[in-house]
Engineer: 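Here it is: the structure, laid out below.
When a ligand or atom number is given, it counts from 1 through the structure's own listing order.
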Amino acid sequence: EAMLKLAGVEKAYNKGKANEVSVLSGIDLTIGAGEMVALVAPSGAGKSTLLHIAGLLDTADAGVVEIGGEDMVGRSDRRRTITRRQEVGFVYQFHHLLPEFTAEENIVLPQLADGISRKVAEARAAELLSQVGIADRAGHRPNAMSGGEQQRVAFCRALANSPRLLLADEPTGNLDPGTSDQVFAALMELVRGTGLAALIATHNLELAARMDRVVKLENGRIVVG
Ligand code: ADP
Ligand code: ADP
């Protein structure tokens with residue numbers, strides 16, 4: 001079952017203007033449930049643009065974008081926002097946790113926003129924190145945690161509402177190499193325990209090789225790795 005399907009996706013910035021820049025041209029990429037795919041791209045290749053289109057934060061100029069078999073092209077902003085909230089989890093290079101809230105609260109809040117009861121949300125947060133090995137940090141604020149711990153919390157937050165698609169942009173790119181390996185392993189374990197489809201951008205070829213498949217993005221096109 002294809003969780004994410006991109007076909008013939010094209011994107012240019014400043015379209016129709018003198019400074020038009022073509023970023024993606026004819027992107028074909030399908031990711032199945034339970035599949036972890038590494039996205040390797042030199043800087044400026046269009047990686048962020050691709051992740052934003054896949055996660056419904058940006059629109060393609062042409063092509064097919066399907067999430068969970070649902071065609072998202074031409075849908076209203078409202079519909080796209082609902083699908084994004086329900087189906088897509090994002091992780092970035094920087095954690096973007098709310099500094100005034102504890103690790104647990106950072107994972108509970110998006111669930112409350114989704115109508116989940118506090119009791120259920122807290123149990124889910126505890127379960128996720130335990131899965132990434134930092135149950136003992138539940139009551140800590142981000143600035144009282146290490147970079148690796150902060151990023152683990154960000155993974156838990158991304159999965160709190162049980163999305164079916166995870167999009168990650170250099171999730172361990174801000175960590176030193178040793179920490180990066182450990183934190184990446186925690187992310188892989190978290191994803192493996194679910195049927196999640198995951199597209200994870202990384203510059204680290206060793207980490208990329210641990211995933212099910214590697215796709216390379218070069219000059220706006222997917223080049224099979
Ligand atoms: P962007 O946010 O524009 O996509 P990145 O955060 O991916 O850019 O990268 C910013 C810069 O740091 C780029 O020049 C990129 O090549 C470099 N960079 C990022 N992560 C790594 C890494 N792990 N190894 C080497 N270079 C990296
Ligand atoms: P990556 O994440 O691989 O570094 P991006 O998707 O961020 O690449 O950007 C791809 C190309 O598109 C780059 O040349 C970048 O300068 C350009 N670009 C990105 N966003 C915009 C924008 N809003 N307007 C114009 N050009 C942009």
Side-chain angles (χ1 to χ4, degrees), residues 3-31 35-67 72-77 80-81 83-84 87-97 147 150-151 154-155 157-158 163 165-177 180 183-184 187-188 191 196-225:
M3 257 320 297
L4 172 68
K5 181 179 174 185
L6 303 177
V9 165
E10 300 191 12
K11 179 72 177 180
Y13 289 108
N14 307 317
K15 199 156 173 62
K17 296 181 190 157
N19 57 350
E20 173 170 332
V21 45
S22 168
V23 179
L24 302 176
S25 34
I27 297 289
D28 297 321
L29 178 63
T30 299
I31 304 181
E35 197 183 14
M36 278 185 95
V37 177
L39 177 65
V40 175
S43 201
K47 175 195 69 181
S48 304
T49 303
L50 177 58
L51 289 170
H52 285 165
I53 288 173
L56 308 179
L57 290 167
D58 199 353
T59 54
D61 298 331
V64 172
V65 178
E66 287 179 14
I67 292 185
M72 299 311 302
V73 173
R75 292 305 184 102
S76 66
D77 285 350
R80 290 161 57 83
T81 300
T83 299
R84 182 170 65 244
E87 308 282 19
V88 187
F90 288 97
V91 180
Y92 300 96
Q93 189 170 353
F94 298 96
H95 58 75
H96 298 301
L97 296 171
Q150 292 168 352
Q151 211 52 357
F155 299 162
R157 181 190 50 188
L165 174 65
L166 176 72
L167 300 172
D169 196 347
E170 293 282 339
T172 62
N174 189 39
L175 304 173
D176 64 69
S180 175
V183 171
F184 192 83
L187 176 62
M188 285 192 71
V191 171
L196 262 175
L199 180 60
I200 301 178
T202 178
H203 287 283
N204 187 322
L205 298 182
E206 277 174 44
L207 294 183
R210 289 205 233 151
M211 292 186 236
D212 299 320
R213 193 152 56 92
V214 179
V215 297
K216 288 184 186 158
L217 183 64
E218 279 173 16
N219 301 318
R221 290 183 183 279
I222 296 279
V223 188
V224 176

Engineer: Suppose we screen for side-chain hydrogen bond (donor to acceptor under 3.5 Å, both in side chains). Which residues come up paired with E35, at least two apart in sequence or across chains?
Structural biologist: R213
Engineer: Could you list which atoms of ligand 2 come closer than 4.0 Å to a heavy atom of V23?
Structural biologist: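 Those atoms are 10 (C), 11 (C), 12 (O).
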Engineer: Under 4.5 Å between any side-chain heavy atoms of M3 and I31, yes or no?
Structural biologist: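 Answer no - side chains too far apart.
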Engineer: For atom 11 (C) of ligand 2, which of G44, S22, A201 has the closest heavy atom?
Structural biologist: G44
Engineer: Keeping E87 on the side-chain end and L165 on the backbone end, is there a donor-acceptor pair under 3.5 Å?
Structural biologist: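 Checking the backbone N and O of L165 against the side chain of E87, no donor-acceptor pair under 3.5 Å is found.
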Engineer: Under a 4.0 angstrom heavy-atom cut-off, which atoms of ligand 2 come close to K47?
Structural biologist: 1 (P), 2 (O), 3 (O), 6 (O), 8 (O)
Engineer: According to side chain to side chain donor-acceptor pair (under 3.5 Å), does anything in residues 18-27 pair up with another residue at least two apart or in another chain? List the pairs.
Structural biologist: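 Side chain to side chain donor-acceptor pair (under 3.5 Å) check on residues 18-27 returns no pairs.
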Engineer: Using heavy atoms and a threshold below 4.0 Å, how should the contact between T49 and ligand 2 be classified: side chain, backbone, both, or neither?
Structural biologist: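 It is both backbone and side chain that touch ligand 2.
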Engineer: Classify the ring geometry between F90 and Y92 as parallel (under 30°), tilted (30 to 60°) or perpendicular (over 60°).
Structural biologist: parallel
Engineer: Quick one: which ligand 2 atoms are inside 4.0 Å of a heavy atom on S48?
Structural biologist: 1 (P), 2 (O), 6 (O), 7 (O)
Engineer: Under 4.0 Å from any heavy atom of S43, which atoms of ligand 2 are there?
Structural biologist: 4 (O)
Engineer: Keeping D212 on the side-chain end and M36 on the backbone end, is there a donor-acceptor pair under 3.5 Å?
Structural biologist: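 Checked: pair present.
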Engineer: Is V21 close to ligand 2, meaning an N/O of one under 3.5 Å from an N/O of the other?
Structural biologist: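 Between V21 and ligand 2 (N or O atoms, distance only) the closest approach is not under 3.5 Å.
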Engineer: Is there a heavy atom of G46 sitting under 4.0 angstrom from any atom of ligand 2?
Structural biologist: yes
